[in-house]
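When a ligand or atom number is given, it counts from 1 through the structure's own listing order.
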Amino acid sequence: MLGLVIALLAAASPAWADIPRVLVSIKPLHGLVAAVMQGVAEPRLLVGGNQSPHGYAFKPSDMRPLEQAQLVVWVGPDFETWLVQRVARAPASLAMEEVPAMTRLATREGGVWEAHDDHAGHDDHDHGEVDGHLWLDAENASRLVKAVAEKLAALDPAHAAQYAANAVREVARIEALDRDINRLLTPLAKKPYVVFHDAHQYFERRYGLNPAGAITVDPERQPGPKRLAALRGRLKAQGAACVFREPNAQGPVIQSLAEATGARIGMLDPEGLLVTPGPDAYEAILRGIADGLADCLSRP
Ligand SMILES: [Zn+2]
């Protein structure tokens with residue numbers, strides 16, 4: 001009798017206990033993983049709220065979710081440098097930058113105004129060889145979605161069909177988003193602009209945009225006066241229409257640049273600091289960037 005009850009209970013809750021606990025480092029990736037897991041479970045987000053993933057200060061309270069996780073999804077050692085040692089102890093992990101066929105671009109220096117003497121004496125914690133903002137290429141996002149579905153299916157075969165169906169739906173959604181953004185930005189492709197930190201290289205390549213530069217490679221660091229003077233010169237010479245601030249960077253640097261050059265101030269949120277986490281977050285982040293660019297650059 002007891003055996004029958006146990007068998008019935010087991011049948012009623014198929015493999016519930018086997019659903020993997022998934023931890024995702026940053027919001028854009030968390031949105032993609034949440035879409036793959038929709039209807040099964042919710043992944044946990046490590047860097048939430050409006051905290052920047054750059055120079056993130058790992059807290060003691062982050063230790064527990066990390067220890068409980070059966071799968072950690074992150075960009076990889078070129079982006080969340082603060083996670084490298086800790087992720088090594090997780091039972092399973094998936095680094096976006098290591099997914100096969102992922103488009104990876106080197107961190108920019110020349111075209112952006114990160115003078116070499118700005119680097120001297122610092123160690124550049126957040127940006128290694130590969131530009132870690134991989135999610136800003138829509139095709140890369142689709143590659144991650146497929147890789148996550150495969151990884152989850154291996155860890156949780158009972159829900160493999162659900163993960164696969166979710167992945168197909170999410171990829172279709174990303175492809176539609178990609179077409180929309182392409183339509184929106186194509187007429188603005190020639191307009192030069194300046195961003196706050198050099199996050200948008202993947203996005204700019206994909207949609208053929210014409211960035212004049214970035215104020216900083218590392219958003220945690222303010223540019224020096226020499227660099228700002230060079231920036232003002234470049235902005236004037238190229239006739240950049242807009243300078244884009246970010247949620248955590250709206251200070252006097254951007255204001256004075258805009259005033260000195262007559263450029264308008266727009267806003268971009270490449271890491272989704274103001275976006276609500278969940279399965280719609282990825283689309284919201286990409287649409288937000290596209291709309292932010294279009295709003296400012298399309299003004300006469
Ligand atoms: Zn960034």
Whichever hydrophobic residues join M267 through chains of side-chain contacts under 4.5 Å: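 L274, all in the cluster of M267.
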
Parallel, tilted or perpendicular, as decided by the 30° and 60° cut-offs, for the rings of H54 and H197: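 Perpendicular: the ring planes of H197 and H54 meet at over 60°.
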
Proximity of Y193 and F244 rings by center, below 6.0 Å: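 Yes, close enough.
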
Centroid-centroid distance, W135 to F79, less than 6.0 Å: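 Yes, close enough.
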
Whether D198 has an N, O or S atom under 2.8 Å from the Zn ion (ligand 1):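 D198 does not place any N, O or S atom closer than 2.8 Å to the Zn ion (ligand 1).
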
Proximal heteroatom of H197 relative to the Zn ion (ligand 1) (N/O/S):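 That would be atom NE2.
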
Apex the Zn ion (ligand 1); atoms E271 OE2 and H133 NE2; angle rounded to 10 degrees: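 Vertex at the Zn ion (ligand 1): approximately 100°.
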
